[in-house]
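Right, one structure below, let's go through it.
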Amino acid sequence: MLEPYEQAHYNHLHEWLNHKWDFIVMQATEQYKAGKERKKPDRVVFDCQERAYWIVNRPPRRTHSALDVGPERLIDPNIDEKISFDQYRRMNMFYQQAIMRSKVKSSVSLGALVKYITTYKNHDPFLAPCLPSNPWQTDNDSYWTLNMRRVDVPTKMRVERWSFSLFELLSDLRGRDDFKIFLKKEFSGENLAFWEAAEELKLGTASSMSTKAETIFKTFLAPGAPRWINIDGRTMGLTVKGLDHPHRYVLEAAQTHVFLLMKKDTFFRYLKSPVYKDIQKKAQSPEAHNFSPAQLEQNAQSRSPGIHPMILWQQEEEEKAKAAAASAPVDVKAMMSKIDRKK
């Protein structure tokens, strides 16, 4: 049962709409037909106008509808509330962002989700079995050995995952090494080198931040740099200005720009290159293990502790330092001076 004031509001609404219902249906039909005949730019403009109208003409803040909580309100909507200049500025920014915010249809978002699941379902350990076996169930570490960070010959599943996106390729250190080989043959390895330097700056210590930022600027961004990268003037200006007071994310804009350049051009050329096709042919496809209960028990008894991750990380850092020292340019003058001193 409705309360007396609710029944009065309901009767008033019924009387107000009853004699106008035919007009409302006719108006809605005409608007629907007119909307179909409009061109796409006009529909976008009208959509923005309608969203802006409902954002501006929404009920005042902290106002409760009488149909929901009765005639008593927390504030009187007829009283003008004093709003400061800063509040007006914030409201204006909010309305502008709300009008320009892109909208995605539910069908498009669901299609993207289905595509993602279809792509990754064979690489999800909850949906597909691990090859050759799950080490947590069989106590056999072949899976971890085959999928080490810098293994010589990766598995086919791992190589297939590199083709999903540039992010997947760069996230895998083995795939990144293969991508470096391709870029070296293309004489365009400076983009990836800059991306890696920006990642090291993000994850490095605070004490070495200024030194690393200065080194990156001299190597990649300064006029006449040995490995100068090609980015637009606006991004270059923002990056150079931010290097006056360096922080972890000072190269974020330039790094994103370089990443998009590699994603649009270099990544697709890599997938079609002989380098990627060669690693696809060499990739190994391990067969599934079929352990008997006795073998599983034997695996559990002969279980041995693996190499600690910190030891693996130290070994990788040593190899990286040796590779950097081997690829560093040789100072001829310094070498000649050392030879003269020995003589």
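Both backbone and side-chain heavy atoms feed into the values below; hydrogens, waters and symmetry mates do not.
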Does this structure show an ion pair linking [X] with [Y], if we count only N-O contacts that are shorter than 4.0 Å?
{"X": "Arg43", "Y": "Asp47", "result": "no"}
{"X": "Lys218", "Y": "Glu214", "result": "yes"}
{"X": "Asp172", "Y": "Arg158", "result": "yes"}

At their closest point, which heavy atom of [X] faces which heavy atom of [Y], and how far apart are they?
{"X": "Ala197", "Y": "Ile216", "answer": "O-CD1, 3.6 Å"}
{"X": "His123", "Y": "Thr119", "answer": "CD2-O, 3.9 Å"}
{"X": "Ala213", "Y": "Leu243", "answer": "CB-CD2, 3.9 Å"}

| query | So, Ser142 and Asn140: side-chain donor and acceptor under 3.5 Å apart, yes or no? | reply |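 Yes, Asn140 and Ser142 have a side-chain donor paired with an acceptor closer than 3.5 Å.
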| Between Asn299 and Gln295, a side-chain donor and acceptor under 3.5 Å | no
| Is there a chain of hydrophobic side chains (I, L, V, M, F, W, Y, each step under 4.5 Å between heavy atoms) that links Tyr116 to Phe167? |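 Tyr116 and Phe167: separate clusters.
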Is a donor on one side and an acceptor on the other found under 3.5 Å between the side chain of [X] and the backbone of [Y]?
{"X": "Arg174", "Y": "Arg150", "value": "no"}
{"X": "His247", "Y": "Tyr249", "value": "yes"}
{"X": "Asn147", "Y": "Tyr143", "value": "yes"}
{"X": "Gln280", "Y": "Lys277", "value": "no"}
{"X": "Ser208", "Y": "Thr205", "value": "yes"}

| Between Phe179 and Phe182, what is the ring plane arrangement, given parallel below 30°, perpendicular above 60°, and tilted in between? |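 Ring orientation of Phe179 relative to Phe182: parallel.
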| task | On the 0 to 90° scale, with breaks at 30° and 60°, tag the Trp144-Trp136 ring pair as parallel, tilted or perpendicular. | result | perpendicular
